[in-house]
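Side chains are part of it too, since the values below use all heavy atoms of this structure and drop only hydrogens, waters and symmetry mates. The chains referred to below are lettered A, B, ... by the order of the sequence lines, with proteins before strands, and numbering in each begins at 1.
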Amino acid sequence: MEALVEEIVIGIQKDGEIFDTQSANIQNISGNEILFDNSNDSLEIIRHSTAHLMAQAIKILYPDAKFFVGPVIEDGFYYDFRTSEKISDTDLKIIEKQMKALIKKKLPIEQYSISKKDVLEKFADDDLKQEVLKRIEDGNITIYKQGDFEDLCQGPHVPNTKLLHNFKLTRVAGAYLGGDESKEMLTRIYGTAFADKETLKEHLAMIEEAKKRDHRKLGGELGLFTFDDEIGAGLPIWLPNGARLRSKLEALLFTAHRKRGYQPVRAPEILKSEAWKTSGHYQNYGENMYFTTIDDIEYGIKPMNCLGHIKVYQNELRSYRDLPLKFFEYGVVHRHEKSGVMHGLFRVREFTQDDAHIFCTPDQIKENVIEVLGFVDDIMKSFGFEYNLEISTRPDKAIGDEKVWEIATQGLKDALDENGISYGIDEGGGAFYGPKIDIKITDALKRKWQCGTIQIDFNLPERFELEYTNENNEKSQPVMIHRAILGSFERFIGILIEHVGGEFPFFIAPTQVIVIPIADVHLDYAKELASELMMMEIDCEVSSKNESLNKRIRLAEKQRVPMILVVGDEEIANKTVALRDRRERKQYNLTKAEFYNIIKEKMNEVHF
RNA sequence: GCUCAUAUAGCUCAGAGGUAGAGCACUUCCUUGGUAAGGAAGAGGUCGAGGGUUCAAGUCCCUCUAUGAGCUCCA
């Protein structure tokens, strides 16, 4: 990073804690200096101060504004507040202008502390401050003051508003007080700030890049999928290009499962409600399920695939020699998500899971979890995804014995620990029937998405009284491992679209090759190439529209077809192709045989 | 589910109470081109749905549906 004009100390770092210069001076703290730059510690201070600066500006523009909290978040900050006036996106510019004016005033940011009792009195007429104070322990409370503006705050802050030039208010939204759905909704303004203009610009450019890659936009442009008001929210319609892409993924994954000893199975979409009562879904997940009643019998449309696979297990008497049994299905599930949460393919009401259930003995859990993690790794590598793992423990709304939960959770941790795999922990984030390992993908823009999941379940085997005969000819209860690797085709493909910006790798691109004959007389040769490619199971199109050559190349490029073949007199005479490789941004003249070899190699590169 | 916003041609968007518009896409014709937009003509809309205000509503009001930004919740 470019050196900043001058080195300014804005804080002290001691024992992992950040103190601003105000606190450090008062409390006489010494430690590592935090310089005014784009380090995490420094940005924490800058952003926190920018949030306060925004509050100060809001207070000037909207004198009745009352403020709740204004924390620093991953890539910026926000402040929650209440005013009688409605604030819209266009008002952000006005607030920014006011902030700039305050920066010009070069206001010192000062700190003092008073007792909680005094603060309660000081802000007696401010109900939001009272809410904040409820959440703060007794004792002395610090107040920061800049100009006429005062806010109770732990800090840290920069010493002067003049340091806060490089910020941007990004959006205005609503947020519940304290994140509690039952409480009032406050106005929230998000913004971001950096130490210098260039880094701010880069950050804003990245947001723009993310918008360009938005899978909802690309999904339309590339003819992958659509939604329709008349069909319903959260119910994706796969268009030909999207369906081709998806079917390739399904085919590759099918083989990958077979190689690993999984058996394909298939069970109904609707199951009697009695079955969901046995499983506990009716009681615990019913609010998210769709139901239908026919001939006085209520059926539940499946939100998960477990029950079908349990019935497959129960179809025969099982021996310990059979275990582990692995059943998999591309299971279509329906979940009634709340109306406000649908988001392109990332969050839908009907989706297909690459779901499998492994039935095994308790002491086979570890090896099977490890094997699934290997499967995950193979797939993620093939698509160039980085990912990390997170263990989710028992939630409040859980069924089953607490001790059993403990054993299962420990089993997951052991599997990871013994193989030296690092992971995070999400306390209370488990499914209602068992703890899980979530697989979170990091995409090209460093965003994280939850996809695959591995869940241990002692509960359903108990409820359905599953059994196998052990080596002593006694009945034992198997364990179920629920697992999905992509999670759902919908979400995974949505993420893949954004990860590659619509430029799918050759092996999965909906249209892999497009042949462009220069003139009508070259059409037969183009068709001959296309049919040969189709025989090789390559999705191929001939661009025979009555448009100029340039136009047809442009269209193929815009559709992000990986390989464009231009053929004319020369190619016909020599039995060659002129290949324009969009992924490598290069052009080649190749014989047909050479080209087909390249294609075969590319297809052979993929294996998971 | 909640808050705010949005909904006009297949797509992207103009149209601030008085006869529905543009570009791209589509159809037809001309053009037969060597690596990112050749030319001309044509067709296409109960202005998301329903109700209300008004002499008159795409435009103002209400309800619903869908979408977007968030909150809360999840693959």
Side-chain angles (χ1 to χ4, degrees), chain A residues 78 80 82 86-90 170-190 214 216-217 220-221 223 226-235 285 287-288 303-304 331 333 335-355 392 395 397 429 431 436 438-441 449-453 455 482-492 494-495 516-523 545-559 564-571 578-580 582 586-587 589:
Chain A
Y78 66 79
D80 284 350
R82 182 206 298 132
K86 276 178 191 169
I87 296 188
S88 70
D89 284 332
T90 50
T170 46
R171 54 182 168 260
V172 56
Y176 296 112
L177 196 158
D180 185 340
E181 219 176 340
S182 65
K183 295 271 173 60
E184 76 172 295
M185 183 147 310
L186 303 174
T187 303
R188 173 176 294 182
I189 295 180
Y190 286 90
D214 191 314
R216 294 166 298 184
K217 186 168 172 283
E221 287 172 8
T226 189
F227 292 90
D228 189 284
D229 287 9
E230 200 175 351
I231 299 298
L235 302 172
Y285 203 76
E287 57 193 19
N288 290 313
M304 297 176 193
V333 295
R335 299 182 184 176
H336 189 268
E337 300 290 347
K338 287 180 184 174
S339 61
V341 304
M342 258 79 73
H343 182 95
L345 291 181
F346 288 172
R347 196 76 182 271
V348 290
R349 285 178 171 160
E350 189 213 80
F351 57 100
T352 306
Q353 295 180 304
D354 59 326
D355 206 0
S392 296
K397 192 176 170 181
K436 58 179 182 172
D438 283 328
I439 296 128
K440 302 205 171 179
I441 293 180
W449 305 100
Q450 202 211 303
C451 291
T453 179
Q455 309 181 351
H482 310 247
R483 52 110 285 201
I485 294 176
L486 307 183
S488 75
F489 284 93
E490 284 74 10
R491 184 176 286 182
F492 185 82
I495 294 167
I516 306 183
I518 289 174
D520 288 350
V521 291
H522 311 124
L523 188 57
K545 276 207 314 188
N546 183 14
E547 294 289 354
S548 66
L549 177 63
N550 282 351
K551 178 75 169 275
R552 285 177 290 151
I553 288 170
R554 178 179 152 80
L555 289 174
E557 288 280 351
K558 277 188 74 178
Q559 283 299 299
I564 301 170
L565 298 181
V566 177
V567 294
D569 289 340
E570 273 179 47
E571 285 72 23
L579 166 65
R580 183 180 163 117
R582 187 182 152 78
K586 280 182 188 164
Q587 281 178 235
N589 288 303

Interatomic distance at [atom1], [N] relative to [M], whole Å:
N: A57(B); M: G50(B); atom1: P; answer: 15 Å
N: A56(B); M: A14(B); atom1: C1'; answer: 23 Å
N: U63(B); M: G23(B); atom1: P; answer: 38 Å
N: A40(B); M: C24(B); atom1: P; answer: 10 Å
N: G58(B); M: G15(B); atom1: C1'; answer: 9 Å
N: U19(B); M: U59(B); atom1: P; answer: 14 Å
N: A9(B); M: A49(B); atom1: P; answer: 10 Å
N: C61(B); M: U6(B); atom1: P; answer: 10 Å

Between the side-chain atoms of [X] and the base atoms of [N], is any donor-acceptor pair under 3.5 Å?
X: Arg347(A); N: C73(B); result: yes
X: Arg580(A); N: A36(B); result: yes
X: Tyr78(A); N: G70(B); result: no
X: Asp180(A); N: U72(B); result: no

Nucleotide [N], atom [atom2] - distance to [atom1] of [X] in whole Å:
X: Asp520(A); N: C30(B); atom1: CG; atom2: P; value: 12 Å
X: Glu547(A); N: G34(B); atom1: CD; atom2: P; value: 16 Å
X: Glu337(A); N: C74(B); atom1: CD; atom2: P; value: 9 Å
X: Tyr285(A); N: C74(B); atom1: OH; atom2: P; value: 9 Å
X: Ile516(A); N: G33(B); atom1: CD1; atom2: P; value: 16 Å

RNA chain B in dot-bracket form (Watson-Crick or G-U pairs under 3.5 Å, [ ] crossing, | inter-strand) is (((((((..((((....[..)))).(((((.......))))).....(((((..]....))))))))))))....
Verify the contact: side-chain N or O of [X] to OP1 or OP2 of [N], cut-off strictly under 4.0 Å; return yes or no.
X: Ser339(A); N: G1(B); answer: yes
X: Lys183(A); N: C2(B); answer: no
X: Lys551(A); N: G34(B); answer: no
X: Arg171(A); N: G70(B); answer: yes
X: Gln450(A); N: A75(B); answer: yes
X: Ser488(A); N: A75(B); answer: no
X: His343(A); N: A69(B); answer: yes
X: Arg216(A); N: A69(B); answer: yes

Any base atoms under 4.0 Å from [X], or only sugar-phosphate, or nothing? Heavy atoms, all strands.
X: Ala484(A); value: nothing
X: Lys586(A); value: nothing
X: Asp228(A); value: nothing
X: Val521(A); value: nothing
X: Ala578(A); value: base
X: Arg491(A); value: base
X: Asn550(A); value: sugar-phosphate
X: Ile553(A); value: base
X: Arg582(A); value: base

On RNA chain B, check which nucleotide each of Ile439(A) and Met342(A) is closest to and give me the residue with the more 5' one.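 This one resolves to Met342(A).
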query: Want to settle it: does Asn546(A) or Gly179(A) sit nearer the 5' end of RNA chain B, counting the closest nucleotide to each?
result: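 The residue closer to the strand's 5' end, by nearest nucleotide, is Asn546(A).
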Look at the side chain of [X] and decide which nucleotide, out of [options], has an atom nearest to it.
X: Glu570(A); options: C71(B), C74(B), G34(B); answer: G34(B)
X: Val566(A); options: A75(B), A36(B), G34(B); answer: G34(B)
X: Ala173(A); options: G70(B), C2(B), U31(B); answer: G70(B)
X: Lys436(A); options: G38(B), A75(B), G68(B); answer: A75(B)
X: Ala175(A); options: C71(B), A75(B), G33(B); answer: C71(B)

Do the side chains of Lys338(A) and Glu181(A) get close enough for a salt bridge, i.e. N-O under 4.0 angstrom?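 Salt bridge present between Lys338(A) and Glu181(A).
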| query | Would you say Phe227(A) stacks on A66(B), if stacking means ring centres under 5.5 Å apart and planes within less than 30 degrees? | reply |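 No.
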Residue pairs passing the side-chain hydrogen bond (donor to acceptor under 3.5 Å, both in side chains) test with at least one member in residues 548-557 of chain A, sequence neighbours excluded, are Glu557(A)-Arg580(A), Glu557(A)-Arg582(A)
